Chemist: 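The structure's right below; bear with me while I get my questions together.
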Protein chains: 2
Amino acid sequence: MRLVIATCEVVYEGRLSARLPRAKRLLLVKADGSLSVHADDRAYKPLNWMSPPCTTEAYPDRWVVRNAKGETLTVGIDEIHLDVAHDLGFEPGLEKDGAEVGLQGLLADHPEAIEPGLVLVSREHETGIGPVDLLCHAPDGTFVAVEIKRRGEVDGVEQLTRYLELLAGDNRLRPLRGVLAAQKVTPQARRLAAGRGIGWVEVDYDRLRGLEPAIPTLF
Amino acid sequence: MRLVIATCEVVYEGRLSARLPRAKRLLLVKADGSLSVHADDRAYKPLNWMSPPCTTEAYPDRWVVRNAKGETLTVGIDEIHLDVAHDLGFEPGLEKDGAEVGLQGLLADHPEAIEPGLVLVSREHETGIGPVDLLCHAPDGTFVAVEIKRRGEVDGVEQLTRYLELLAGDNRLRPLRGVLAAQKVTPQARRLAAGRGIGWVEVDYDRLRGLEPAIPTLF
DNA sequence: GTAACCAGCCGCAAT
DNA sequence: ATTGCGGTTGGTTAC
């Protein structure tokens, strides 16, 4: 990994054209060949970058980074204020929580969080154009197709609508209704769902995770 | 901006739980308060991060970064190999070109790129639930509602379907059909469109931009 | 502030 | 390799 702080101008020519006027910035060169140009804001997002695989040609006054598609990132370097390189060695990698990370796994284990008394019939139930996330059975005898999204927006309602149309052909699943389950459901999605007789529910993700075995902490 | 290369362990407790075992990594602290933990790969994406606004408590052996939602990023520091800080000063900001213009402006100027002989009737034609991107008139006498997406996916077809349903009530626009215009149209979207009598077209963005005035380059 | 939408999205898994 | 899909998506703009 090489860290350079330089006064530079940058031009990206690729899927769009972008230009950065002269200023002092961080140039981050990783072992994978990638280059990112960072300002002192925008959190982790660089102003410009080139993802690997790409190659860099270094000239005295500028670097030209190129990828296979012919996109180029050109860094015109005026002055270098810092230039250090470090070998970071092996990266053991990120361990995300061992249990189910997503909403789907949690809701599959706790369908009663969607509606009291709901029982799971199957996960990823195939419809012909794609799987519906959960298929459940309610105490009132109806089947419930559940579409799970982190953010419940109109496209989630559209997707569920299509699934319901296709599942309507299966008379083993009658009567059938749909529910959109999400951490948050937007007003637009609520309106569209209501107009189609589709239910929605906002799920408390943190509470749901609390029902799982506690997560060992390091500190 | 502060750049630290350290042997460290990292724990994130927030929307999910994640742990990074001990290894040498880059800790990037920006003036906006954000912290990102970078390995020597994954292009510009950090392994872990905390976005602003957030606050950092620094102890001799660890940093604890916290945001308003109570999410924490804890960096246990074993050894520091580099620790430099630089003031980058003012960032003039990114000047994008091409993305701002968007496909819509280009296609409004060149509707013949969607279908030969197509003529623009109006842009952002209101339907009641939102505007359809372009409304055109074809040589065969039909009206064409055009939904423009950079990437043509199923939700674009769904959106256009809803617009067509609403526009069907306007008998000044008969006969009416729909076309999805995108740089790339996914197979799923093609199938769904076909099943609804909706057309689709892939637009060559670069060629279209070539019809516009050339973009001045820096180098 | 919230909601809707776009991104050079990135990155992963299944096909 | 491509497609589909989620992300601690992030970020911008209209409302």
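These numbers were taken from a predicted model, which means no experiment stands behind them. Sequence lines set the chain letters: A, B, ... in the order given, protein chains first and strands last, and positions in each chain run from 1.
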Chemist: When you measure from every atom of DNA chain D, which of residues 185-197 of chain A have a heavy atom less than 4.0 Å away?
Modeler: none
Chemist: Check side-chain hydrogen bond (donor to acceptor under 3.5 Å, both in side chains) between Glu124(B) and all other residues, then give those that pass, not counting sequence neighbours.
Modeler: Gln104(B)
Chemist: Which is it for Ile5(B) and Leu88(A) under the side chain to side chain contact (heavy atoms under 4.5 Å, CB included) test, yes or no, and what are the steps along the way?
Modeler: CA-CA 8 Å; Ile5(B) 289 179; Leu88(A) 296 190; 3.9 Å; yes
Chemist: Thinking salt bridges, do Glu71(A) and Arg66(A) make one under a 4.0 Å N-O criterion?
Modeler: no
Chemist: Spell out, as yes or no, whether a donor-acceptor pair under 3.5 Å connects the side chain of Asn48(A) to the backbone of Val37(A).
Modeler: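 Checked: no pair found.
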Chemist: Using a strict heavy-atom distance below 4.0 Å, which residues from residues 145-166 of chain B are in contact with DNA chain C?
Modeler: Lys149(B), Arg150(B), Arg151(B)
Chemist: Minimum heavy-atom separation for Leu180(B) and Gly152(B), please, with both atom names.
Modeler: CD2-CA, 4.1 Å
Chemist: Run the side chain to side chain contact (heavy atoms under 4.5 Å, CB included) test on Val154(A) and Gln188(A) for me, step by step, so that the C-alpha distance in whole Å, both residues' side-chain angles and the decisive distance to 0.1 Å come before the verdict.
Modeler: CA-CA 7 Å; Val154(A) 281; Gln188(A) 215 180 77; 3.4 Å; yes
Chemist: Measuring only the P atom in each nucleotide, how far is dC5(C) from dT8(D)? A whole number of Å is fine.
Modeler: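 That atom pair is separated by 23 Å.
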Chemist: Not counting sequence neighbours, which residues clear side-chain hydrogen bond (donor to acceptor under 3.5 Å, both in side chains) with Asp155(B)? List them please.
Modeler: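 For Asp155(B) there are no side-chain hydrogen bond (donor to acceptor under 3.5 Å, both in side chains) partners, ignoring immediate neighbours.
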Chemist: Which residue pairs satisfy the side chain to side chain donor-acceptor pair (under 3.5 Å) criterion with at least one member in residues 37-47 of chain B, sequence neighbours excluded?
Modeler: Lys30(A)-His38(B)
Chemist: Closest nucleotide of DNA chain D for Leu94(A) versus for Pro52(B): which of these residues is on the 5' side?
Modeler: Leu94(A)
Chemist: Heavy atoms within less than 4.0 Å of DNA chain C: which residues of residues 37-50 of chain A have one? Give them sorted by number.
Modeler: Asn48(A), Trp49(A), Met50(A)
Chemist: Using the C1' atom as the reference point in each nucleotide, state the distance between dG7(D) and dC6(C) in Å, no decimals.
Modeler: 15 Å
Chemist: So does Asp87(A) get a backbone contact from the side chain of Lys24(B), meaning a donor-acceptor N/O pair under 3.5 Å?
Modeler: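 Checked: pair present.
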Chemist: Residues two or more places apart in sequence or in another chain: which of them pass side chain to side chain contact (heavy atoms under 4.5 Å, CB included) with Val4(B)?
Modeler: Arg2(B), Ala6(B), Leu27(B), Trp63(B), Ile80(B), Asp83(B)
Chemist: Not counting sequence neighbours, which residues clear side chain to side chain contact (heavy atoms under 4.5 Å, CB included) with Arg177(A)? List them please.
Modeler: Glu115(A), Ala138(A), Asp140(A), Thr142(A), Val144(A), Val179(A)
Chemist: Taking Glu126(A) for its side chain and Gly130(A) for its backbone only, find out whether a donor-acceptor pair lies under 3.5 Å.
Modeler: yes
Chemist: When the distance from CD of Glu202(B) to C1' of dT2(D) is rounded to whole Å, what number comes out?
Modeler: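 Rounded to the whole Å, the gap is 14 Å.
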Chemist: Rounding to a whole Å, what distance do you find between Gln183(B):CD and dC6(C):C1'?
Modeler: 13 Å
Chemist: Might you list the N or O atoms of the protein lying below 3.5 Å from N or O atoms in nucleotides 13-15 of chain C, with each pair's distance?
Modeler:
none

Chemist: Any salt bridge (charged side-chain N to carboxylate O under 4.0 Å, His left out) involving residues 180-197 of chain B? Give me the pairs, sequence neighbours left out, ordered by first then second residue.
Modeler: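 Counting only pairs at least two positions apart or across chains, the salt bridge (charged side-chain N to carboxylate O under 4.0 Å, His left out) contacts touching residues 180-197 of chain B are Glu158(B)-Arg196(B), Arg190(B)-Glu202(B).
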Chemist: Could you go step by step and tell me if Thr56(B) and Val64(B) meet the side chain to side chain contact (heavy atoms under 4.5 Å, CB included) rule?
Modeler: CA-CA 6 Å; Thr56(B) 300; Val64(B) 180; over 6 Å; no
Chemist: Would you write out the dot-bracket form of DNA chain D, 5' to 3', with Watson-Crick and G-U pairs under 3.5 Å, [ ] for crossing pairs, | for pairs to other strands and . for unpaired bases?
Modeler: |||||||.|||||||
Chemist: Going by the rule side chain to side chain contact (heavy atoms under 4.5 Å, CB included), which residues pair with Ala189(A) if we only count those two or more places apart in sequence or in a different chain?
Modeler: Val157(A), Val185(A), Thr186(A)
Chemist: Without decimals, in angstroms, what is the distance between Lys69(B) NZ and dG1(C) P?
Modeler: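 Those two atoms, NZ and P, are 13 Å apart.
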Chemist: Can you check the Arg15(B) CZ to dT8(D) P distance for me, whole Å?
Modeler: 8 Å
Chemist: Please give, in whole Å, the distance from dG7(D) P to Leu16(B) CG?
Modeler: 9 Å
Chemist: Is there a donor-acceptor pair closer than 3.5 Å between any side-chain N or O of Arg25(B) and the backbone N or O of Cys8(B)?
Modeler: yes
Chemist: Phosphate oxygens OP1/OP2 of dT2(C): is one of them under 4.0 Å from a side-chain N or O of Lys184(A)?
Modeler: no
